[in-house]
Amino acid sequence: FREEASLKELYKDAFHIGAAVSPKTIDSQRSLLAYHFNSLTAENEMKFSSVHPQKELYTFDDADAIASFAREQGMALRGHTLVWHNQTPDWLFENEIGGLVERDVLLERLKAHIETVVGRYKDVIYAWDVVNEVISDDADDANAFLRPSKWLDIAGEGFIAKAFEFAHEADPQALLFYNDYNESDPHKRERIYRLVRSLLDQGVPIHGVGLQAHWNLYDPSMDDMRAGIERYAQLGLQLQLTELDVSVFRFEDRRTDLVQPSQEMLELQGERYESIFRLLHEYKEHISAVTFWGAADDYTWLDNFPIRGRKNWPFLFDELHRPKEAYQRVARIT
Ligand SMILES: Oc1ccccc1CN[C@@H]1C=C[C@@H](O)[C@H](O)[C@H]1O
């Protein structure tokens with residue numbers, strides 16, 4: 001009963017159209033998801049702390065609900081994420097007396113985690129964000145490369161290659177991605193490129209680069225987006241946008257006075273999304289999926305980041321799941 005054309009149909013010759021979901025939104029957004037999307041990602045439910053809160057305890061109910069929905073709907077499912085510095089439980093890095101665990105123990109724990117989680121969903125998950133956000137954002141130190149973390153402190157940079165090798169052993173069919181944000185920033189772009197090139201040169205099983213694409217009305221520039229896609233395409237791997245949203249606020253804008261987006265914001269958002277999807281369509285040979293980090297404005301992680309409780313309206317569909325100007329602009333490109 002939706003009048004507008006289906007996004008997954010409009011872009012079927014270009015790339016998958018995905019959405020991040022939760023047990024709540026596969027219910028509240030069910031018909032929108034089924035009509036417009038052919039790929040899903042669990043926003044939080046497959047993260048380390050969600051599925052493996054204690055060394056001897058796995059909690060899969062929420063992840064299973066999302067996997068079941070994907071199976072029922074015949075949708076592709078992306079796994080997010082196996083190695084990250086956030087939403088990862090403290091026990092993983094601690095020994096019996098509360099100190100830091102040894103490198104070999106950490107890697108053994110990671111191997112067990114990956115075997116269990118990747119093995120559980122190998123029938124439905126076709127791609128994993130194996131490693132998320134290990135590249136430094138440090139804009140002041142030209143030599144900065146990897147983000148400082150407990151992973152790096154304990155295991156050295158070899159944990160990155162190990163994660164990919166463990167995931168490949170657990171599911172040789174799965175496509176394995178490195179995933180990061182601010183991916184269009186020229187400095188960070190060159191660090192991400194250097195990391196992935198290094199993994200390829202070591203013969204590490206890696207198949208794709210995930211560009212989170214947490215963008216806004218003003219940045220990054222179209223030139224930086226294009227330069228990033230061009231650079232990553234030189235790696236010879238498939239590219240995916242993995243967490244697309246277009247915030248109506250610049251990252252540093254801390255205003256909290258809006259209860260709805262202005263008409264000017266909605267117009268500008270339409271122009272931004274049209275420019276973005278024209279660019280993605282131009283590079284469709286390199287891009288295998290575009291996943292939004294949500295589906296409609298009734299819920300976005302941006303309602304709590306960077307300011308808790310500050311509403312945002314980053315998607316193509318409004319709070320009542322009606323197509324916005326941004327949808328109209330994206331729908332008329334193909
Ligand atoms: O845009 C950012 C700015 C600073 C840190 C992290 C990010 C993005 N970080 C992403 C966002 C939301 C989480 O649900 C995802 O798992 C994570 O990959």
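Computed over heavy atoms, backbone and side chain alike; hydrogens, waters and symmetry mates excluded.
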Check your understanding: Is any NZ, NE, NH1 or NH2 atom of the basic residue among Asp64 and Arg120 found under 4.0 Å from an Asp or Glu carboxylate oxygen of the other?
Key -> yes
Q. Is there a path of hydrophobic side-chain contacts, each under 4.5 Å between heavy atoms of I, L, V, M, F, W or Y residues, that connects Leu280 with Val330?
A. yes
Exercise. Are Gln202 and Ser198 close enough that a side-chain donor and a side-chain acceptor fall under 3.5 Å?
Worked result: yes
**Item:** Intermediate values then yes/no, salt bridge (charged side-chain N to carboxylate O under 4.0 Å, His left out), Glu115 and Lys111
**Value:** CA-CA 6 Å; Glu115 284 173 348; Lys111 188 170 192 287; 2.8 Å; yes
Value for CG (Leu241) from OG1 (Thr291), rounded to nearest 0.5 Å, stands at 8.5 Å
Checklist entry - Any link between Ile192 and Leu152 through a network of hydrophobic side chains (Ile, Leu, Val, Met, Phe, Trp, Tyr) touching at under 4.5 Å? => result yes
Spell out, as yes or no, whether a donor-acceptor pair under 3.5 Å connects the side chain of Ser6 to the backbone of Tyr35. yes
Practice prompt. Find out if a path of hydrophobic residues (ILVMFWY) with successive side-chain heavy-atom gaps under 4.5 Å connects Phe315 to Phe251.
Written response: no
_Exercise: do Asp180 and Tyr178 side chains pair donor with acceptor under 3.5 Å_ = yes
- Query: Is the distance between the ring centroids of His321 and Phe317 under 6.0 Å?
  - Reply: no
Margin query: For the residue pair Thr116 / Tyr58, report whether a side-chain donor-acceptor contact shorter than 3.5 Å exists.
Written below: yes
With a sphere of 6.0 Å drawn around CD of Gln260, does it hold more than 12 non-hydrogen atoms of other residues, nucleotides or ligands?
no
> Just by distance, with hydrogens left out, do Gln212 and Asn182 show a side-chain donor and acceptor under 3.5 Å apart?
Replying inline: no
Main-chain N/O of Ala34 paired with Lys8 side-chain donor or acceptor, under 3.5 Å
yes
Between the side chain of Asn216 and the main-chain N/O of Tyr218, is any donor-acceptor distance below 3.5 Å?
yes
- Message: Between Ser247 and Asn312, is there a side-chain donor-acceptor contact under 3.5 Å, judged purely by atom types and distance?
- Response: yes
Within the structure provided, determine whether Leu237 and Ile206 are in side-chain contact (heavy-atom separation under 4.5 Å). yes
Do Tyr299 and Leu40 share a hydrophobic cluster (ILVMFWY, side-chain heavy atoms under 4.5 Å, transitive)? no
So OH of Tyr126 and NE2 of His16: to nearest 0.5 Å the spacing works out to 6.5 Å
When every non-hydrogen atom of His85 is compared with those of Ser149, the smallest separation belongs to CB-CB, 4.3 Å
In terms of relative ring orientation, are Phe249 and Trp313 parallel, tilted or perpendicular, with 30° and 60° separating the classes?
tilted
Inset, instruction - List the steps, then state whether side chain to side chain donor-acceptor pair (under 3.5 Å) holds for Glu102 with Asn95. - result: CA-CA 8 Å; Glu102 292 296 315; Asn95 61 26; over 6 Å; no
Notebook entry, point to check: Taking atom types as modelled and ignoring hydrogens, do the side chains of Glu9 and His36 form a donor-acceptor contact shorter than 3.5 angstrom?
Noted result: no
- Message: We want to know whether Gln269 and Arg272 form a side-chain donor-acceptor pair, criterion being a heavy-atom distance below 3.5 angstrom.
- Response: no
CG (Leu316) and CD (Glu4) are apart, to the nearest 0.5 Å, by 10.5 Å
Applying the 4.5 Å side-chain criterion to the ILVMFWY set and letting contacts propagate, would Leu199 and Phe145 be lumped into a single cluster? yes
Checklist entry - Would Gln234 and Arg197 count as having a side-chain donor-acceptor pair, cut-off 3.5 Å? => result no
The side-chain contact (heavy atoms from CB on, under 4.5 Å) partners of Ala20 (sequence neighbours excluded) come to Glu43, Trp293
Rounding to 0.5 Å, atoms CG (Asp171) and CG (Asp123) come to a distance of 9.5 Å
Do Trp151 and Val134 have side-chain heavy atoms sitting under 4.5 Å apart? no
Exercise for the section: Verify side chain to side chain donor-acceptor pair (under 3.5 Å) between Glu45 and Ser50, making sure each step is shown before the conclusion. Expected result: CA-CA 5 Å; Glu45 293 70 21; Ser50 301; over 6 Å; no
Taking NZ, NE, NH1 and NH2 as the nitrogens, is one of them in Asp90 or Lys150 under 4.0 Å from a carboxylate oxygen of the other? yes
What one should report as the nearest heavy-atom pair of His281 and Ala14 is CD2-CB, 4.0 Å
Quiz item: Quick one: do Lys324 and Asp297 make a salt bridge, cutoff under 4.0 Å?
Solution: yes
Nearest heavy-atom approach of Thr59 to Pro53 is OG1-CD, 3.4 Å
Scanning both residues in full, the closest heavy-atom pair of Leu33 with Thr25 reads CD1-O, 3.6 Å
Whether the Asp298 and Gln29 side chains hold a donor-acceptor pair (N or O, under 3.5 Å, no angle test) is what I'd like checked. yes
CA sep, side-chain torsions, deciding dist, call: Ile154, Val101, side chain to side chain contact (heavy atoms under 4.5 Å, CB included): CA-CA 7 Å; Ile154 294 167; Val101 78; 4.2 Å; yes
- [ ] Would you please say whether a donor-acceptor pair under 3.5 Å links the side chains of Glu133 and Trp84?
- [x] yes
On a heavy-atom basis, the closest approach of Pro205 and Glu165 is CD-CG, 4.0 Å
- Query: Are Asp303 and Arg308 ion-paired here, with the side-chain N under 4.0 Å from a carboxylate O?
  - Reply: no
query = Okay, side chain of Arg109, backbone of Leu92: is any donor-acceptor separation there less than 3.5 Å?
reply = yes
request  = Decide if atom CD of Glu169 counts as having more than 12 heavy atoms of other residues, nucleotides or ligands within a radius under 6.0 Å.
outcome  = yes
Notebook entry, point to check: For Gln263, does the CD atom sit with more than 12 other heavy atoms under 6.0 Å from it, leaving out its own atoms?
Noted result: no
- Query: Should Glu282 and Arg278 count as an ion pair when the cut-off is N to O under 4.0 Å?
  - Reply: no
With under 30° as parallel and over 60° as perpendicular, where do the rings of Phe48 and His52 fit, or are they tilted in between? parallel
Nearest heavy-atom contact between Asp224 and Pro186 is OD2-CD, 3.9 Å
Which of Arg191, Lys188, His187 passes side chain to side chain donor-acceptor pair (under 3.5 Å) with Asp137? It is Lys188
On the 0 to 90° scale, with breaks at 30° and 60°, tag the Phe277-Phe292 ring pair as parallel, tilted or perpendicular.
parallel
Got a sec: does the CD of Glu252 have more than 12 other heavy atoms crowding it under 6.0 Å? yes
Only residue of Asn179, Thr81, Asn86 satisfying side chain to side chain donor-acceptor pair (under 3.5 Å) with Asn132 is Asn179
Side chains of Leu239 and Ile229, heavy atoms from C-beta outward: is any pair under 4.5 Å?
yes
d(Lys12 NZ, Asn38 CG) to nearest 0.5 Å is 11.0 Å
task = Any chance you could lay out the side chain to side chain contact (heavy atoms under 4.5 Å, CB included) test for Leu82 and Asp129, step after step, and finish with the verdict?
result = CA-CA 7 Å; Leu82 298 172; Asp129 292 333; over 6 Å; no
* Between Glu325 and Tyr273: side-chain donor-acceptor atoms closer than 3.5 Å -> no
Taking atom CZ of Arg332 as the centre, report whether more than 12 heavy atoms of other residues, nucleotides or ligands fall under 6.0 Å from it.
yes
Where does the angle between the aromatic ring planes of Trp301 and Phe305 fall among parallel (under 30°), tilted (30 to 60°) and perpendicular (over 60°)? parallel
